[in-house]
Amino acid sequence: MDRSRTGVRIGVLALLWGSTFLWIEVALEALTPVQVTFGRCLLGAVTLLALCLLSGRRLPRAPAVWGRIAVAAFFCNALPFALFSFGQQSIDSGVAGVLNATTPLWSLLLGAAVGTEGALRPARVAGLLLGFAGVVLIFAPWRAGETGGWGALAIIGAAMGYAVGFLFMNRHLVGKGIPTIALSAAQLIAATVLTAPTLAAGGLTPIEITPRQLIAVVILGVVATGVTFHLTYRNIAAEGATHTATVGYLLPVVSVALGAVVLHEEFSPRIALGMAVVLAGVALTRRSAPPRLPRPGSLPVPVPASVPAPDPVSRREHDVRR
């Protein structure tokens, strides 16, 4: 495995994912939460479908695969996207990014519960707990009246949804011979279908949008949803669900920084210290993570000359499994 390349991908993913909360905050100035949720799913799906077709890949055809994709789309896209949009009506974008950083903890607990994590190394558990301590320091729950109430609970629910979705994707979708670009495109298409019926509840109101808000909506859908989700899928294929979820501990650094600079949200020495603790926890978690074992049946299979060679993404995933 090319650890440096994976590290770069995680860094880019953290930057793009962490900016999501800023774009949601701006989009909510013109759109309802339902419109934001459906819009980002639709734009992300169109983006990845175009990339899928341009790369010569086809969407999955088997009904059973689409059934699994629908389950993953609910937990990893439709549900958390909706909870983010509703939650950020009452809390700052930086706080939303901080609360979303609890995803690795839920992922670790779920992985341990279903047996996908095996024996957890003490150093890895310590890293996760250290990262969570940094999140708590940033969030400062002891400061009564500043936690956002139901909005904060909605973001935590979204983080739990991500953890369930990542675990399901890792066990039932990645490493099954389907390129990640096809899987990610199909999953956002499914998420768009799942969120479309919600437009009847507040999604049909007239829209008055400024150029600034329109740009935020486009970036949210194309980059922060489409591109980011494809990178997430690739990272799950490369390092697994729990390791991918640790990217969530980097989000407070990005979301709090953007919130402070662009939206003039709070930034204090306490928040700066919390961000440093988060980074230390991520470093410890990644250094102590055990190597992934190959999946059953993942040995190389000769490819006939008449069959097109796999694209670079599939080849890298194959190298990981090998």
Side-chain angles (χ1 to χ4, degrees), residues 12-52 54 73-74 76-97 99-100 148 151 154-155 158-159 161-162 165 184-233 251 254-265:
V12 173
L13 178 58
L15 288 173
L16 297 181
W17 195 352
S19 70
T20 299
F21 310 100
L22 169 66
W23 307 124
I24 291 176
E25 196 80 14
V26 177
L28 286 171
E29 295 174 359
L31 306 179
T32 66
V34 171
Q35 290 170 338
V36 172
T37 302
F38 176 76
R40 67 181 296 197
C41 287
L42 178 61
L43 289 173
V46 171
T47 300
L48 292 187
L49 180 59
L51 292 176
C52 183
L54 288 174
F74 174 77
C76 196
N77 305 110
L79 177 62
F81 290 0
L83 290 175
F84 283 131
S85 296
F86 281 99
Q88 283 192 231
Q89 289 184 306
S90 61
I91 63 175
D92 290 341
S93 65
V95 175
L99 292 178
N100 185 66
I155 304 301
Y162 273 145
S184 55
Q187 191 163 320
L188 282 184
I189 290 173
T192 304
V193 173
L194 289 173
T195 57
T198 65
L199 290 174
L204 302 178
T205 58
I207 298 175
E208 295 182 4
I209 192 167
T210 66
R212 169 176 173 270
Q213 295 160 349
L214 179 60
I215 291 173
V217 170
V218 173
I219 295 177
L220 174 63
V222 175
V223 179
T225 299
V227 175
T228 298
F229 183 60
H230 178 53
L231 289 176
T232 300
Y233 238 123
L251 300 190
V254 179
S255 65
V256 171
L258 288 176
V261 173
V262 180
L263 301 177
H264 308 293
E265 296 173 351

Exercise: identify the closest heavy-atom pair between A27 and V36
CB-CG2, 4.0 Å
Does a donor on one side chain and an acceptor on the other come within less than 3.5 Å for T37 and S85?
yes
My understanding is that only residues two or more places apart in sequence, or in another chain, count here; which of them pass ring-ring contact (aromatic ring centres under 6.0 Å, His included) with Y162?
W17, F84, F166
If we ignore hydrogens and angles and just use 3.5 Å, is the side chain of Q213 paired with the main-chain N or O of V26 as donor and acceptor?
no
Closest non-hydrogen contact found for A78 with T195 is CB-CG2, 3.7 Å
State, with a plain yes or no, whether a side-chain heavy atom of Q35 is found less than 4.5 Å away from one of T205.
yes
Atom of G151, atom of S90 and distance for their closest heavy-atom approach:
CA-OG, 3.3 Å
Would you confirm whether T225, through its side chain, and L220, through its main-chain N or O, come within 3.5 Å as a donor-acceptor pair?
yes
Are the side chains of T20 and R40 in contact, using a 4.5 Å heavy-atom criterion?
yes
Taking side chain as C-beta onward, heavy atoms only, is L83 less than 4.5 Å from I155?
no
Minimum heavy-atom distance I189-A45, with the two atoms named:
N-CB, 3.8 Å
Is the side chain of T47 donor-acceptor paired with the backbone N or O of G226 at a distance under 3.5 Å, no angle test?
no
Atom CG of L28 and atom CZ of F86: how far apart are they, to the nearest 0.5 Å?
9.5 Å
So which atom in L194 and which in P197 form the shortest heavy-atom distance, rounded to 0.1 Å?
O-CD, 3.3 Å
From L48 atom CG to L188 atom CG, the distance as rounded to the nearest 0.5 Å:
5.5 Å
Could you tell me the separation between the CZ atom of F81 and the SG atom of C76, rounded to the nearest 0.5 Å?
7.0 Å
With side chains defined as the heavy atoms from C-beta onward, is the minimum distance between N100 and F21 less than 4.5 Å?
yes
Ignoring hydrogens and angles, tell me if any N or O in the side chain of S255 forms a donor-acceptor pair with the backbone of L22 under 3.5 Å.
no
Close side-chain approach of F38 to T192, heavy-atom, < 4.5 Å:
yes
Separation between CD1 (I207) and CG (L31), nearest 0.5 Å, reads 5.0 Å
Using modelled atom types and a 3.5 Å cut-off, is there a donor and acceptor pairing between side-chain atoms of Q89 and backbone atoms of T32?
no
Please tell me if the side chains of L99 and I91 come closer than 4.5 Å, counting only heavy atoms from C-beta onward.
yes
Do E265 and S93 get their side chains close enough for a donor-acceptor pair, meaning under 3.5 Å?
yes
For residues V46 and L43, determine if any side-chain heavy atom of one lies less than 4.5 Å from a side-chain heavy atom of the other.
no
